[in-house]
Amino acid sequence: MAKRKLVVIGNGMAGVRCVEEILNIDRDAFEITIFGKEPHPNYNRILLSKVLQGDTTIQDITINDWQWYEDNQIQLFTNEMVTNVDVEGKRVVTESGKSVVYDVLIFATGSLPFMLSLPGANKQGVTAFRDIRDCETMVEASKSYEKAVVIGGGLLGLEAARGLLNLGMKVDVVHIFDSIMERQLDRTAAKMLQTELEKQGMRFLLEKQSEEILGRKRVAELKFKDGSRTDADLLVMAVGVRPNVQLAKEGEIETNRAIVVNDYMQTSVPDVYAVGECAEHRGVVYGLVAPLYEQGKVLAKTLCGVENEGYHGSVLATQLKVSGVDVFSAGEFTDSDDVKSLKWIDGIRSTYKKIVIRDNKIVGAVLFGDISEGTKLLGMIKQQTDISVYEKEMNGAGARGQESGDIIANMPDKELVCACNGVTKGTIMQAIQEHGLQTVDEVKKCTKASSSCGSCKTMVSSILDYVHLHGFDQSVEKETVCACTTFSHDELMLEIQNRRFADTAEIMSALDWQTETGCVICRPALHYYLGVHSSTGLHVNEELPIGILADGTYAVMPKMYGGVTTPEQLRLIADIVEKHGIPLMKLLEGPQLGLLGIAASDVKAVMSDLNMPISGPVYGKTVSTIGTCSGIRYSVDAMQDSIGLGVTLEKKLERLQMPQEIKIGVSASPHNRAGSLTKDIGIVGVPGGWEMYVGGNGERHVKPGQLLYTAETNEELLTLVAAFLQYYRETGHFAERVSQWIERMGLLQIREALFDPYLLQLLGSRMEKALLDSPEQVNKQPTAAVTR
């Protein structure tokens, strides 16, 4: 089968990371061509300031060298700008006349430096700070001139200023606002940073609006609108960037601020995608590396046919070292009327911490000087963790004064260390132990941790030291499905998605199962994953064994939708119990009626005589009978028709296979007479509609559900319940309860997925397909539940 032709316009960090992800999934899927307008292979643009400062070279910040392209059979054209995209003929043309056809095209054109249109901006000595060529211009100027002016007090401007100081120049930083880095830091942190940078030799001219660049052929002065001036032999504009979208516009691809994409990074033109700083997702253009890498992962899965949830946006976080000073910010960090904040200032150590809270939830943070808590706080912001959880950790763990080893030991394995690349502590520790890594550079090459902005390098080093000090036996082993395999649940799901397995025996054979037939843990898990994630589907045998009880007898549970039955059903069941001598007929939780203790020889006869739907799974678990209260007709405080909704839900969702049994309660009013708040899904009637709660648990560790949504109509509620359960089906681990799944995924991420109109519709359509694809025998013939 011929490979599809993939063309990437742009050889920067976002586009090449997407290619790396594609190669990881299926290296034989595409014939890849990349065009880059610079003469270099892919390098880390974030570390340009290190090159300018003289700390490193272009070779040191190269991410993928020439050999990498050759090893992966990628055709790279450097110094080659694409000038025309023919979307009808699926062809790109370059300025030198090269013409390349494509099946799939990715725009990764990044952004262009924004140059102020000041009089005199075309004079010699005026430059941007965006690429290697700009660095070379500034280095050459430092050899002959003394005074530099940087316009822009943001991150890029400060990095340029630090580099020019290192080159021996005097530097003024001009900024239009009254504090620096206003997009990342609050006023307190900004003033602390300014003080530190002034100690290093920078001079700040704040609240200054540039008016004209003076000089004959070369810049000599910068004039401001208030009439003042400052000398300048070199002027660097670092006032921001704008998405590079002109080529897309000329190709009649929809653009706004940037190239408009959906959650799967698709543009308005078929087979054309965009990723990185040139892409606009839900009205947002991202410039930080972590969101761009997340986009690249989603796009790689999409192009390789791997089912995924799409990209839903990112919580913006900045964790950087500005001229040797560590700073971190994430989420909301400015003060306003609807937020409160906690602040810690240490004037001796020059550290500052601010946590922003709304409705007792952590929504933002700023750290200065000591950013060791950055990744933990970022996770809490994404999860909107209650502030009491953080305070408990502070008081219990004694965060202040801990030794480095204690911090590493107390850090959860799933906590992010490298936010840019999404690398956790557990991943780093596992890599160190499995590969015997000895240096931070080796960890970087193996895991990509610290390979982007480099601000986590100290933490990576601490983890490395901790593992070496305490020995390799301190490893937290990967949680596998069971002892029969080395695959985790996520790895197993991915294998089944990517390969066309016919049955569980083929999976075990292909994935080197340790046992020939598996065990009681992995066999049902394989059945479930094959049924939900395989493109071939699971051809279920209607003769699957029914529920076996402890004494070797069987259980049959007749369906009673919404807990409602009729005299005819009860008479029929009673007659069958007497006819076959069934020893126990019992009301079970759900509510369900269980016929227990049926002899093996009588099972088929019992099911035939019943001739009614039976509760029970085909593979995996199902939605159990939905509990309802007495309903709008008989309950004095009822506000909605709980019975009607419960029956509708149960009929819609029956036989839908789940990672774990789903318990749903529908109460007609907030009095919660159906116990809805301790169910996996709890639905409560309120004036004007329904409230939907998720993640409740009424068993050993009682836990109330969390409010997910308020719906005005039954149809709106049914749509959201279906999408929620489909998302759980696709991302849940087998036997993982809804409450555990929510804790692992984060309620915020689940909300973002369900509240996106496109993804909501997609999940609903996949749910309908799952119901339609159920084998006909399963829909018509009763099967029994596995009773544990």
Side-chain angles (χ1 to χ4, degrees), residues 48-49 52-53 113-130 134-135 137-139 141-142 144-216 218-241 318 320-325 327 329 334 350 352 366 368:
L48 272 179
S49 58
L52 180 62
Q53 292 168 19
F114 185 81
M115 300 295 285
L116 297 174
S117 56
L118 300 175
N122 59 346
K123 295 184 185 299
Q124 295 177 13
V126 178
T127 183
F129 179 38
R130 185 62 182 167
D134 296 330
C135 285
T137 298
M138 295 159 73
V139 170
S142 71
S144 305
Y145 299 98
E146 294 183 356
K147 178 66 184 299
V149 172
V150 177
I151 302 179
L155 174 63
L156 196 63
L158 298 180
E159 293 286 12
R162 177 64 262 176
L164 292 167
L165 282 176
N166 279 23
L167 293 172
M169 300 190 78
K170 298 177 181 178
V171 182
D172 287 350
V173 177
V174 176
H175 199 43
I176 195 170
F177 298 105
D178 62 354
S179 65
I180 58 177
M181 285 189 69
E182 73 286 346
R183 293 185 179 180
Q184 292 87 16
L185 302 178
D186 68 350
R187 189 178 298 275
T188 302
K191 290 301 179 184
M192 292 178 73
L193 178 60
Q194 181 180 335
T195 300
E196 291 296 323
L197 297 181
E198 285 172 340
K199 291 177 182 177
Q200 297 178 17
M202 290 185 204
R203 190 169 77 108
F204 289 91
L205 304 176
L206 302 181
E207 296 183 274
K208 291 286 188 180
Q209 189 169 355
S210 303
E211 183 177 55
E212 186 178 1
I213 299 171
L214 304 175
R216 300 186 65 181
R218 186 179 182 90
V219 57
E221 289 182 304
L222 176 62
K223 180 182 177 183
F224 304 110
K225 286 197 173 181
D226 63 6
S228 60
R229 303 181 181 191
T230 186
D231 295 337
D233 301 315
L234 173 69
L235 191 145
V236 180
M237 291 194 189
V239 294
V241 295
T318 303
L320 299 166
K321 187 182 290 288
V322 182
S323 295
V325 182
V327 296
S329 73
T334 56
S350 191
Y352 169 67
V366 176
F368 178 89

Residues which pass salt bridge (charged side-chain N to carboxylate O under 4.0 Å, His left out) with D172, listed by chain and number, not counting sequence neighbours
K147, R203
Which heavy-atom pair separates E196 from S350 by the least distance, and what is that distance?
OE2-OG, 3.4 Å
Would you find a donor on one side and an acceptor on the other, under 3.5 Å apart, between the side chain of T195 and the backbone of K191?
yes
Least distance between heavy atoms, V150 atom then G157 atom:
CG1-O, 3.5 Å
Just wondering, do L197 and K199 contact through their side chains at under 4.5 Å, heavy atoms?
no
Tell me the closest heavy-atom pair linking V239 and F114, and the distance in Å.
CG2-O, 3.2 Å
Would you kindly say whether K208 and S228 are connected by a side-chain donor-acceptor distance under 3.5 Å?
yes
Sub-4.5 Å side-chain heavy-atom contact between M138 and L52:
yes
I need the L193 CG to S179 OG distance, nearest 0.5 Å.
10.5 Å
Using side chain to side chain contact (heavy atoms under 4.5 Å, CB included), reason through V325 and F368 one step at a time and then give a plain yes or no.
CA-CA 8 Å; V325 182; F368 178 89; 3.5 Å; yes
Rounding to 0.5 Å, atoms OG1 (T230) and CG (L214) come to a distance of 11.0 Å
I'd like to know whether D233 forms a salt bridge (Lys or Arg N to Asp or Glu O under 4.0 Å) with R218, so could you lay out the CA-CA distance, the side-chain angles of the two residues, the decisive distance to 0.1 Å, and finally the verdict.
CA-CA 8 Å; D233 301 315; R218 186 179 182 90; over 6 Å; no
Check this for me: E146, atom CD, are more than 12 non-hydrogen atoms of other residues, nucleotides or ligands nearer than 6.0 Å?
no
Between R162 and E159, is there a salt bridge with N-O shorter than 4.0 Å?
no
For a side-chain contact (heavy atoms from CB on, under 4.5 Å) with H175, tell me which candidate from E182, Q209, E207 qualifies.
E182
K223: partners by salt bridge (charged side-chain N to carboxylate O under 4.0 Å, His left out), with sequence neighbours left out
E211
Identify the two heavy atoms, one from G153 and one from I180, that lie closest to each other, and give their separation to 0.1 Å.
O-CB, 3.4 Å
Side chain to side chain contact (heavy atoms under 4.5 Å, CB included) assessment of F177 paired with L206:
CA-CA 6 Å; F177 298 105; L206 302 181; over 6 Å; no
Where do V219 and V149 land on the side chain to side chain contact (heavy atoms under 4.5 Å, CB included) test, with the steps shown first?
CA-CA 10 Å; V219 57; V149 172; over 6 Å; no
Validation row: T334, D186 side chains within 4.5 angstrom (heavy atoms)
no
For the atom pair CG (L234) and OH (Y145), what is the distance rounded to the nearest 0.5 Å?
9.5 Å
Does the pair R187/D178 count as a salt bridge with the N-to-O cut at 4.0 Å?
yes
Should F224 and R229 count as side-chain neighbours, where that means a heavy-atom distance under 4.5 Å?
no
Heavy-atom distance under 4.5 Å between the side chains of M237 and P113, does that happen here?
no
Acceptor/donor pairs from residues 116-126 side chains to any protein atom, 3.5 angstrom cut, sequence neighbours excluded:
unit_1	atom_1	unit_2	atom_2	d
K123	NZ	G215	O	2.8
K123	NZ	R216	O	3.0

Value for CG (L185) from CE (M192), rounded to nearest 0.5 Å, stands at 10.5 Å
Could you give me the CA-CA distance, side-chain angles and deciding distance for M181 and L158, then say whether side chain to side chain contact (heavy atoms under 4.5 Å, CB included) is met?
CA-CA 9 Å; M181 285 189 69; L158 298 180; 3.7 Å; yes
Mind listing the closest non-hydrogen atom pair of V173 and A161 along with its distance?
CG2-CB, 3.7 Å
Just how far is it from atom OG1 of T188 to atom OH of Y352, taken to the nearest 0.5 Å?
4.0 Å
What closest approach, in Å, do A148 and L164 show between heavy atoms, and which atom pair accounts for it?
CB-CD1, 3.8 Å
Quick one: does S144's side chain have a donor or acceptor within less than 3.5 Å of a partner on A141's backbone?
no
Decide yes or no for I151 and L222: does some side-chain heavy atom of the first lie under 4.5 Å from some side-chain heavy atom of the second?
yes
